[in-house]
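Worksheet: one structure, shown below.
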Protein chains: 4
Amino acid sequence: MTTESLPKDDIIDVAAEVIRSKGYQSTSVNDILAAANIGKGKFFHYFKTKHELGIAVVDRYIETWSLTLIENILRSSQEAEDRLQAMLNQTLEFYQDTNVKKGCPFGNLAVEMSEHDSAFRSKIDTFFDDWTVALGDTLSEIESIKSPYSYAQYMISTIEGSILLAKVKQSNEPLNNSITILKNATLPHKE
Amino acid sequence: MTTESLPKDDIIDVAAEVIRSKGYQSTSVNDILAAANIGKGKFFHYFKTKHELGIAVVDRYIETWSLTLIENILRSSQEAEDRLQAMLNQTLEFYQDTNVKKGCPFGNLAVEMSEHDSAFRSKIDTFFDDWTVALGDTLSEIESIKSPYSYAQYMISTIEGSILLAKVKQSNEPLNNSITILKNATLPHKE
Amino acid sequence: MTTESLPKDDIIDVAAEVIRSKGYQSTSVNDILAAANIGKGKFFHYFKTKHELGIAVVDRYIETWSLTLIENILRSSQEAEDRLQAMLNQTLEFYQDTNVKKGCPFGNLAVEMSEHDSAFRSKIDTFFDDWTVALGDTLSEIESIKSPYSYAQYMISTIEGSILLAKVKQSNEPLNNSITILKNATLPHKE
Amino acid sequence: MTTESLPKDDIIDVAAEVIRSKGYQSTSVNDILAAANIGKGKFFHYFKTKHELGIAVVDRYIETWSLTLIENILRSSQEAEDRLQAMLNQTLEFYQDTNVKKGCPFGNLAVEMSEHDSAFRSKIDTFFDDWTVALGDTLSEIESIKSPYSYAQYMISTIEGSILLAKVKQSNEPLNNSITILKNATLPHKE
DNA sequence: TATGAATGAGTTTTCATTCAT
DNA sequence: TATGAATGAAAACTCATTCAT
């Protein structure tokens, strides 16, 4: 009665890792076959095209992070201030190891795909929106902050940008630095 | 007596545009030939490999932005406060038109290339460092700010991240928002 | 219930012929595709590179000649003297038709590839060694000849050299001549 | 009043070396330009095509060896027996150093070009004929040998074949061996 | 004479996708 | 479901040759 992990899901998981490392376009179907140890027929049985797999990978990223970041943290039952700190801490932790060299799964695909593939773009767009709203809601609760959703977007920009710099430097220092500053920043109060 | 435009430079310019739009890996040599209206032989006469052209493009980005952003603005003879505002305004202006959909030339390549090509990575790294130092120097002059170089890196992260979000949204709103907040932010004073 | 001819083996056979005529380097993959009437994908499905195919062709040459020349003749159960004559006759026969214009499969690749490709070189080297030993063993049995293996190498040199001259002359006369002389030569006796 | 070495001749000399090492087809015009340190214009000023240069190189080989091997040795005023020994010794000496790895200039091109380029083939054919005749004339003088020209061709075959084997083995042993045997061989007497 | 920029057909190789089994 | 053989367009790159200077 155990739920055996479905082959299709396995493929998506493996592909998600490969694509985060190499990018979508540079990842060949063969790369995925090799990493997942499956044949061509199986792959194209589950996914009509490489693009379909790519979208499934984005969906997987979204599932994962919507759960861990949005549901479990920003929409948890903790105090708003604690939720904010937890989000920043979780981000820090996630990128402490070699993960930082691979960059943000969303940021990577955002940069690579936004201009020429609207299917990727709109899904990523929606995820950033969801994140922004969840963070904005949290900020709203903390104190009577001015434009909490704008400030949420600003914080997310800073986080994404510092992961980008961290990837270039191959060091998590830029991310650590930005999050330290964000934690100490004076929030823009209503007048 | 006219200064004829140099062919090699022309190719780099054209390639710089194409690569900013499509990314390095997705840009084929044929794409560049078509955009520049030249033949294969001419291309490979000037560049031994596509990679060599890619590096020349990064160098061109660096030349351009080192001049416009660093030399002409951050290291100009204006007041420090004015230089800071000028940098933010110039960034805003540059991305007002359709440019925002293409993203930041450096940020794009940083994300795409950092993990598997150290030649690209180290050049981009150096550029961000130069920018950070020039901005940090400027901040130092404004008032007795705490850790001006850390704050400079934080500002740059925010700018890069909001260009990334703007690319996803195909709108410059995230960039406008971040810059507005940066302009109004209270700088972290020495204690 | 028929034994279908194996595609990969077919390609090797076709390529072996083309390469014997044109040489390895002058034979393009397209030449082979055209001769075998297959597409690019099929070729590169079986062989990762042209070089891999080249090596497979050498291996095929070796298989063929190890069987016909060494196993079936020099190591057969005939009298040594008969085996020697059979080897010389088989060589003569093989080159009677237009084959002589194409030269020796081994000699051709030996000359073309030895200096810059050790994979080809060492395989050909081993084949000539095997031939030399098998011929030397045969000579040993005939009579108490001095240095049978040296004389075997000498005979093989003569055969290869006269195939070379025959190729230049586009006539088998040099080979016929050399073999006639070899047949009548007084073997160098022990003192 | 010194005869300055003509550029064209220099190019042929340089090309002769490169082609002996790499073969005609694998030698690119650029290889020659690099080795000779000249530009494209100069090359194609002197030679309408690469093929024309190739033929000039064969002519140069023929000039050189007709002089050193045929005129200076086989047609010298020495005793016939001494001329024969001198020819064999000169061959041995020429290939003692690393020269053996490059093979025989004539043998190399004979194998590479005979089947598909009659211009190369017929020149090489003529050279081997001249060598055969000069050697046959020498043999005729030694004693009343049967078929001196056939035996001359046989000797040349042996020499070419053992240079071929030496190239494969990357060792001059096969050539030393063959020449030792040739020196000790009983010449086929008239009956 | 000589330079080297320019050409474009040709080379080897990769790749997403299809298809027979 | 799944295999992997087969496809062919497209990729990066090479090369003999031409041409403006």
Side-chain angles (χ1 to χ4, degrees), chain A residues 6-8 11 24-34 36-54, chain B residues 4 6-8 10-11 24-34 36-54, chain C residues 4 6-8 10-11 24-34 36-54, chain D residues 6-8 11 24-34 36-54:
Chain A
L6 297 171
K8 184 173 179 176
I11 298 172
Y24 170 75
Q25 318 218 46
S26 294
T27 298
S28 73
V29 171
N30 277 338
D31 289 338
I32 293 164
L33 303 185
N37 198 29
I38 57 168
K40 282 229 161 108
K42 189 167 187 176
F43 181 91
F44 282 102
H45 173 70
Y46 285 125
F47 309 99
K48 267 206 291 293
T49 61
K50 179 189 170 189
H51 188 261
E52 194 173 304
L53 177 268
Chain B
E4 229 182 90
L6 298 172
K8 184 173 179 175
D10 285 350
I11 298 172
Y24 171 75
Q25 317 217 49
S26 294
T27 299
S28 74
V29 171
N30 277 338
D31 289 338
I32 294 166
L33 303 185
N37 198 31
I38 58 169
K40 268 204 178 131
K42 186 169 185 176
F43 180 90
F44 284 102
H45 177 70
Y46 286 118
F47 308 98
K48 268 203 290 293
T49 60
K50 179 189 168 187
H51 189 261
E52 193 174 304
L53 178 268
Chain C
E4 231 181 88
L6 298 171
K8 185 173 180 177
D10 285 351
I11 298 173
Y24 171 75
Q25 318 217 48
S26 295
T27 298
S28 74
V29 171
N30 278 338
D31 289 337
I32 294 165
L33 303 185
N37 198 31
I38 56 168
K40 272 205 172 134
K42 186 169 186 177
F43 180 90
F44 283 101
H45 177 70
Y46 286 118
F47 308 99
K48 268 204 291 293
T49 60
K50 179 189 168 188
H51 188 260
E52 193 173 304
L53 177 267
Chain D
L6 297 172
K8 183 173 180 175
I11 298 172
Y24 171 74
Q25 316 217 50
S26 294
T27 298
S28 73
V29 171
N30 278 338
D31 289 338
I32 294 164
L33 303 185
N37 200 30
I38 57 169
K40 281 233 161 102
K42 189 167 185 176
F43 181 90
F44 282 101
H45 173 71
Y46 285 124
F47 310 99
K48 267 205 291 292
T49 62
K50 179 190 170 188
H51 189 261
E52 194 173 304
L53 177 267

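Remember, predicted model here, so these are calculated numbers, not experimental data. Convention: sequence-line order gives letters A, B, ...; per-chain numbering from 1. Side chains included, hydrogens not; waters and symmetry mates left out as well; all remaining heavy atoms used.
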Taken to the nearest 0.5 Å, the spacing of B:Ile38 CD1 from B:Phe44 CZ works out to 10.0 Å
Taking for each residue the nucleotide of DNA chain F with the nearest heavy atom, is it B:Thr27 or C:Lys42 whose nucleotide lies nearer the 5' end?
-> C:Lys42
Any side-chain heavy atom of D:Thr49 sitting closer than 4.5 Å to one from D:Glu52?
-> yes
Ignoring backbone atoms, establish whether A:Asn30 has a side-chain N or O less than 4.0 Å from OP1 or OP2 of E:dA16.
-> no
According to the Watson-Crick and G-U wobble definitions, with both distances under 3.5 Å, which nucleotide is paired to E:dA9?
-> F:dT14
Integer-rounded Å distance: E:dG8 C1' and B:Asn37 CG = 14 Å
Rounded to the Å, how far apart are A:His45 NE2 and F:dG4 C1'?
-> 16 Å
Take atom P in F:dT21 and the same atom in E:dT1, then report the distance between them in whole Å.
-> 22 Å
side-chain contact (heavy atoms from CB on, under 4.5 Å) partners of A:His45, counting only residues at least two apart | none
Which part of the nucleic acid, if any, lies within contact of A:Tyr46, taking any heavy atom under 4.0 Å across all strands shown: a base, the sugar-phosphate backbone alone, or nothing?
-> sugar-phosphate
Distances under 3.5 Å only, N/O to N/O: pair up the protein atoms with those of nucleotides 17-21 of chain E.
{"from": "E:dT17", "atom 1": "OP2", "to": "A:Lys50", "atom 2": "N", "distance (Å)": "2.7"}
{"from": "E:dT17", "atom 1": "O4", "to": "A:Lys40", "atom 2": "NZ", "distance (Å)": "3.0"}

What is the nucleic acid contact for B:Ser26, judged by heavy atoms within less than 4.0 Å: base, sugar-phosphate only, or nothing?
-> nothing
Rounded to whole Å, CD1 of D:Ile38 lies from C1' of E:dA2 at a distance of 10 Å
Note: B:Tyr24 and B:Gly54 closest approach over all heavy atoms is CE1-CA, 3.7 Å
Sub-3.5 Å donor-acceptor pair from the side chain of C:Asp31 to the main-chain atoms of C:Ser28, do we have one?
-> yes
Partner nucleotide, any strand, of F:dA9 [Watson-Crick/G-U, under 3.5 Å] = E:dT14
Rounded distance in Å - CD1 (B:Ile32) to P (F:dC13) | 11 Å
Name the pairing partner of E:dT21, where a pair is Watson-Crick or G-U wobble with both distances under 3.5 Å, or state none.
-> F:dA2
For A:Gln25 and for C:Asp31, find the nucleotide of DNA chain E with the closest heavy atom, then tell me which residue's nucleotide is more 5'.
-> C:Asp31
When rounded to the nearest 0.5 Å, the distance separating CD1 of A:Ile11 from CG of A:Leu53 is 7.5 Å
Using the six-membered ring of D:Phe43, assess whether NZ or CZ of D:Lys50 lies under 6.0 Å from its centre and within 45 degrees of the ring axis.
-> no
